[in-house]
Amino acid sequence: MPLIANSLKGLNEMEGKNVFVIGAGSTKFGELWELGIRELISIAAANAAKSAGVGLNDVDSVFVANCFSGIVNSQLNINSICAEELGVANCVCVGGGDSSGAHAILQAANSVMSGKSRIAMAIGVEKTSDLSMSDIVGAVSCLADHEYEAYTGATLASLYGMITQKHMEKYGTTEAQIASVSVKSHSNAVNNEFAQFRFNVDADSVMKSPVVASPVRVLGSAAACDGCCAIIMCSGEAARKRRKKARLIGYGTGNDVVALHGREDITSFRALKDASRLALQDAGIGIQDISFAEVYDPFSIAEIISIEDLGISKAGEGGKFIENGFADIGGKCPINPSGGLKGCGHAFAANGVRQAMEAFIQLNGDAGARQVKNAKCALASCMSGTGSDAVVNIFSNE
Amino acid sequence: MNVSNVVMGWRRIRKGNFLLGSKCRKCSKLHFPAARLCKKCGSRELEDYRFKGTGKIYAYSEVRTASSGFEKHVPYTVAIIELDDGPKMTAQIVESGKVHVGMKVESCLRKYYVDGDSGIIHYWIKFRPVG
């Protein structure tokens with residue numbers, strides 16, 4: 001049967017709909033040789049609790065997202081690892097693809113809204129640097145359809161390569177436009193203390209960097225890294241007296257078939273379109289009300305298509321939007337002021353939580369040199385694999 | 001480990017046609033891989049359908065950084081093939097010079113990779129240019 005956009009109740013239809021982020025914390029993202037999965041969890045959770053001004057023993061439940069610990073770290077049962085590290089008895093593992101961090105936020109929000117938790121934590125953790133390059137590429141390709149895509153030697157980069165090829169063919173998107181994504185992301189990451197790649201790149205070096213899978217190049221791909229990020233959530237009542245907070249005002253989810261070849265059109269992400277429509281509807285706002293967006297950019301074309309599917313630009317004009325500087329901090333609609341996956345590093349299950357952390361930081365005016373002026377409303381969109389699953393969360397400081 | 005039975009099995013399936021999918025008896029929608037539930041109308045009445053194995057390239061990418069098991073084969077080309085019967089599938093392109101979108105191809109049985117020094121050789125469909 002065709003996949004139908006979910007009809008879950010939106011935040012505005014639920015009792016006790018006020019749910020707030022009151023703190024966020026992270027490890028640095030990168031190749032963190034000296035830290036294992038336990039240390040990553042401990043550091044991010046402690047930083048988040050400190051930021052919220054609560055103790056870990058005040059946290060009623062933890063929703064921990066992770067993609068690859070079974071493959072990379074030979075460690076399953078991450079929820080128990082998390083419980084042991086944090087001393088919190090109610091830890092739930094949110095599995096799935098690289099959007100699982102964003103799903104963990106929804107679960108934490110639901111737990112708060114139902115009244116089950118006074119304070120809930122969403123945490124995303126990934127430890128991938130213990131693998132060799134080919135093993136990483138193999139593990140990551142498991143996010144696609146393993147039996148009918150990865151089995152044939154198709155890597156995630158090659159699948160996004162085909163998406164890129166089709167987008168260029170259909171809309172005339174250029175190599176220079178694709179390169180402008182990396183130039184912008186790196187430039188933003190320079191000012192993000194948690195980012196892995198804090199240096200500028202120019203368009204020429206992006207376009208001359210080695211091909212990973214045509215036409216995708218090394219500097220157009222986000223590098224797999226280690227990282228952990230956590231946010232603390234509570235109800236509106238509990239957040240009332242707090243100075244630093246961001247309200248989750250809308251969320252939406254969407255799905256598509258896992259294999260790219262099973263889709264009618266590969267130049268747009270149906271799951272993302274569904275998720276963003278539901279999230280905006282839930283928040284009762286239009287896309288023009290968004291101050292900035294954090295989007296999923298494992299490969300540059302994903303950011304370009306995300307801009308189009310979210311309705312920030314017209315279909316086919318996402319590349320031009322970035323090339324013209326409209327996505328810069330200070331542009332019409334800043335995209336990935338944090339540096340995105342490309343600038344921060346791609347820590348899979350941690351991405352969705354890292355995006356929410358960026359929303360929290362920006363909406364409270366704490367982003368320093370990368371601050372988006374008058375940031376009032378932030379949209380975070382996260383996907384899995386080649387867009388088989390999408391989550392859109394919208395935060396506001398009003 | 002005696003793997004010959006496994007490989008013989010694959011060859012036998014090839015004789016029966018490896019590209020076996022399903023067709024909905026209600027709405028005639030073709031599925032590859034075979035489906036248990038029609039993705040168009042939801043019917044459970046599906047029958048086996050043998051694909052002709054011919055089609056054209058819908059999109060492709062040349063892989064230079066491969067997954068473990070495929071490192072020795074780089075560069076190789078993976079593509080989405082639009083089968084003449086309808087559905088699309090992903091496979092490698094072989095016996096070809098320059099590949100282009102719209103190129104006509106046909107299926108053939110080829111080695112994909114080997115499980116270690118003495119493991120099973122994995123065969124499956126690849127596509128080559130027609131003529």
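To find a chain, count down the sequence lines: A is the first, B the second, and so on, and within it residues start at 1. Fair warning: this is a prediction, and the values are worked out from it, not measured in the lab.
Closest approach of Thr90(B) and Ala154(A) over heavy atoms only: CG2-CB, 4.2 Å.
Residues Lys88(B) and Leu260(A) have side chains not in contact (no heavy-atom distance under 4.5 Å, counting atoms from C-beta outward). For the pair His122(B)/Tyr151(A), a side-chain contact is recorded, criterion being any heavy-atom separation below 4.5 Å from C-beta on. The shortest distance between side-chain heavy atoms of Val212(A) and Arg64(B) does not fall below 4.5 Å.
There is a side-chain donor-acceptor pair under 3.5 Å between Ser134(A) and Glu71(B).
Side chain of Gln165(A) to main chain of Tyr60(B): a donor-acceptor pair is present (N/O by atom type, distance under 3.5 Å, no hydrogens or angles). Between the side chain of His261(A) and the backbone N or O of Ile80(B), no donor-acceptor pair lies under 3.5 Å. Put simply, the side chain of Lys166(A) gets close to the backbone of Tyr58(B): a donor and an acceptor are under 3.5 Å apart.
Of the atoms belonging to Ile266(A), heavy atoms from both backbone and side chain fall under 4.5 Å from chain B. Val101(B) touches chain A through its side chain: at least one heavy atom from C-beta onward sits under 4.5 Å away, while N, CA, C and O do not. In this structure, chain A has heavy atoms under 4.5 Å from both the backbone and the side chain of Glu62(B). For Ala79(B), the part sitting under 4.5 Å from any heavy atom of chain A is the backbone (N, CA, C, O) and nothing else. Using a 4.5 Å cut-off between heavy atoms, Ala259(A) does not touch chain B at all.
Of all residues spanning residues 22-30 of chain B, none has a heavy atom less than 4.5 Å away from chain A's heavy atoms.
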List the atom pairs, with distances to 0.1 Å, where a side-chain N or O of residues 137-147 of chain A and a protein N or O form a donor-acceptor pair under 3.5 Å, not counting sequence neighbours.
| from | atom 1 | to | atom 2 | distance (Å) |
| --- | --- | --- | --- | --- |
| Ser141(A) | OG | Val137(A) | O | 3.4 |
| Ser141(A) | OG | Gly138(A) | O | 2.7 |
| Asp145(A) | OD1 | Glu147(A) | N | 3.2 |
| Asp145(A) | OD1 | Tyr148(A) | N | 3.1 |

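Among the candidates Leu156(A), Asp135(A), Val218(A), Val216(A), the residue making the largest number of heavy-atom pairs closer than 4.5 Å to chain B is Asp135(A). Per-residue heavy-atom pair counts under 4.5 Å with chain B were compared for Ser214(A), Ala150(A), Ala157(A), Ala213(A), and the maximum is reached by Ser214(A).
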Item to complete: Please lay out, stage by stage, how Thr152(A) and Met89(B) fare under the test side-chain contact (heavy atoms from CB on, under 4.5 Å).
Response: CA-CA 10 Å; Thr152(A) 70; Met89(B) 64 178 289; over 6 Å; no
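Within 6.0 Å of CD in Glu264(A) there are 12 or fewer heavy atoms belonging to other residues, nucleotides or ligands.
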